[in-house]
Amino acid sequence: MEYLQTQGISLPRLGLGTFRLQGDACRAAVESALGLGYRHIDTAEMYGNEDAIGAAIAASGVARKDLHVTTKVWHENLAPDAIRRAFDVSLSKLGLDQVDLYLVHWPSGGMNLPAIFDTLMELKQEGRTRAIGVANFNLALLKTVVEQIKAPIACNQIEYHVMLDQTKVARYLAAKSIPLVAYCPLAQGRAASDATLMAIGRKHGASAAQVALKWLLDQDGVAAIPKASRAQSQQANLDALHIGLDDEDMKAIAALPKDRRCVNPGFAPAWD
Ligand SMILES: NC(=O)c1ccc[n+]([C@@H]2O[C@H](COP(=O)([O-])OP(=O)(O)OC[C@H]3O[C@@H](n4cnc5c(N)ncnc54)[C@H](OP(=O)(O)O)[C@@H]3O)[C@@H](O)[C@H]2O)c1
């Protein structure tokens with residue numbers, strides 16, 4: 001597994017997404033992934049599955065130091081007291097003393113950014129999260145966090161895949177050496193049935209989903225967190241790291257539509 005070094009942590013470039021996985025199904029999927037060699041699990045208080053993930057981690061026998069766990073605070077809990085309460089609950093459900101990365105899940109209109117990052121920094125200084133970061137921050141918000149607040153964010157987790165352009169944010173993150181963690185890396189599964197990607201996959205003895213993942217992981221500073229409940233897909237996603245895409249493949253992928261955003265909740269500030 002390859003890692004990205006960021007703010008004192010080593011982030012495995014391929015992680016397991018867990019949105020919409022809950023209860024026994026979530027526990028089974030996470031146990032399966034850990035058994036296959038995944039060492040990066042992505043969750044959030046909003047997913048309602050931190051307890052199942054905690055159970056899977058406990059049962060796995062994987063040493064804590066070898067595992068990266070990200071969780072996130074929901075946009076309704078961004079007042080300092082609410083962050084602390086949410087964090088305590090997340091940690092307790094996960095059955096951990098510390099998470100590796102704690103993210104603001106979504107920005108919200110009335111949020112007090114300096115107060116949010118003061119609180120996240122306190123959690124970091126207390127050793128309860130090893131690093132802090134953001135998700136779904138547009139360029140303007142990122143600039144505020146990085147250049148005015150000077151918060152040591154370890155990533156921006158955003159939707160990014162073969163069918164969505166993220167050039168502006170990606171360039172800024174790269175210039176600041178901040179990893180981009182790609183969520184919905186398979187466009188919520190749509191990439192798996194795309195004809196262009198299937199044709200590229202046939203050339204390499206790979207699936208369309210694997211092509212989509214390798215396109216992301218070929219980019220410096222990018223990690224990806226595909227959700228896969230079945231062991232076969234989890235293994236396929238790991239194997240995607242070994243495909244080699246050529247110039248012709250890259251051209252064909254560049255010509256795909258780039259405006260297919262899967263996630264756009266009404267409560268969040270606009271992207272541009
Ligand atoms: N920060 C945020 O606001 C945010 C928002 C959305 C998502 N996320 C995170 O990102 C993760 C990934 O996003 P996502 O779950 O929305 O979408 P995704 O990972 O792009 O797609 C998941 C879908 O792809 C299928 N799949 C996985 N591997 C496959 C393969 N090798 N071949 C064919 N199909 C495959 C899965 O099937 P099965 O489930 O049937 O295996 C599932 O239906 C989430 O789980 C979550 O952790 C974060």
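Below, all heavy atoms of this structure are taken into account, side chains as well, without hydrogens, waters or symmetry copies. Every number for a ligand or one of its atoms is a count from 1 in the order of the listing. Count residues from 1 along the sequence.
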Starting from [atom], what is the nearest protein heavy atom, named by residue and atom, and what distance separates them?
atom                    : value
atom 28 (N) of ligand 1 : Asn237 ND2, 3.0 Å
atom 34 (N) of ligand 1 : Ala192 CB, 4.0 Å
atom 12 (C) of ligand 1 : Ile225 O, 3.1 Å
atom 10 (O) of ligand 1 : Tyr183 CB, 3.2 Å

Legend entry - From Ile149 atom CD1 to Lys143 atom NZ, the distance as rounded to the nearest 0.5 Å: 15.0 Å
Could you tell me whether [X] approaches ligand 1 through its side chain, its backbone, both or neither, with non-hydrogen atoms closer than 4.0 Å?
X      : answer
Ala209 : side chain
Ser233 : both
Ala187 : backbone
Ile158 : neither

Please could you name the atoms of ligand 1 that [X] approaches to less than 4.0 Å, counting only its heavy atoms?
X      : result
Arg230 : 41 (O)
His105 : 1 (N), 2 (C), 3 (O)
Trp106 : 3 (O)
Thr18  : 45 (O), 47 (O)
Tyr47  : 4 (C), 8 (N), 9 (C), 46 (C), 47 (O), 48 (C)
Gln188 : 16 (O), 17 (O), 18 (P), 20 (O), 21 (O), 23 (C)
Pro226 : 19 (O)
Phe19  : 44 (C), 45 (O), 46 (C), 47 (O)

Quick one: which of [options] has a heavy atom closest to [atom]?
atom                    : options                        : value
atom 13 (O) of ligand 1 : Gly189, Gly17, Ser207, Cys184  : Cys184
atom 20 (O) of ligand 1 : Leu213, Leu186, Asp42, Asn136  : Leu186
atom 48 (C) of ligand 1 : Gln157, His75, Gln235          : Gln157
atom 40 (O) of ligand 1 : Ala208, Ala228, Ser229, Ala135 : Ser229

Does any part of the side chain of [Y], heavy atoms only, come nearer than 4.5 Å to the side chain of [X], both counted from C-beta?
X     : Y     : answer
Val62 : Arg39 : yes
Leu16 : Asp42 : no
Phe87 : Thr71 : no
Met46 : Lys72 : no

Legend entry - Criterion salt bridge (Lys or Arg N to Asp or Glu O under 4.0 Å) against Asp100, the qualifying member of Arg64, Lys65, Lys124: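 It is Arg64; the other options fail the test.
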Legend entry - No-hydrogen, no-angle side-chain donor-acceptor test under 3.5 Å, Glu50 and Thr43: no
Inset, instruction - Answer yes if the side chains of Glu159 and Asn264 hold a donor-acceptor pair under 3.5 Å, and no otherwise. - result: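 Asn264 and Glu159 do not have a side-chain donor-acceptor pair below 3.5 Å.
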Legend entry - With Arg128, the side chain to side chain contact (heavy atoms under 4.5 Å, CB included) member among Asp88, Asp97, Leu96: Asp88
Legend entry - N or O contact, Arg20 vs ligand 1, cut-off under 3.5 Å: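 No: no nitrogen or oxygen of Arg20 is under 3.5 Å from one in ligand 1.
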Legend entry - Lys227-ligand 1 polar pair, N/O distance under 3.5 Å: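 Yes, there is a polar N/O contact under 3.5 Å.
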Legend entry - Trp74-Phe267 aromatic ring centre distance below 6.0 Å: yes
Legend entry - Salt bridge flag under 4.0 Å for residues Glu45 and Lys93: no
Legend entry - Path from Leu4 to Tyr183 over hydrophobic side-chain contacts below 4.5 Å: yes
Inset, instruction - Please answer: with hydrophobic residues joined when any side-chain heavy atoms are less than 4.5 Å apart, are Val99 and Ile83 in the same cluster? - result: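 Same cluster: Val99 reaches Ile83 through Ile, Leu, Val, Met, Phe, Trp or Tyr contacts under 4.5 Å.
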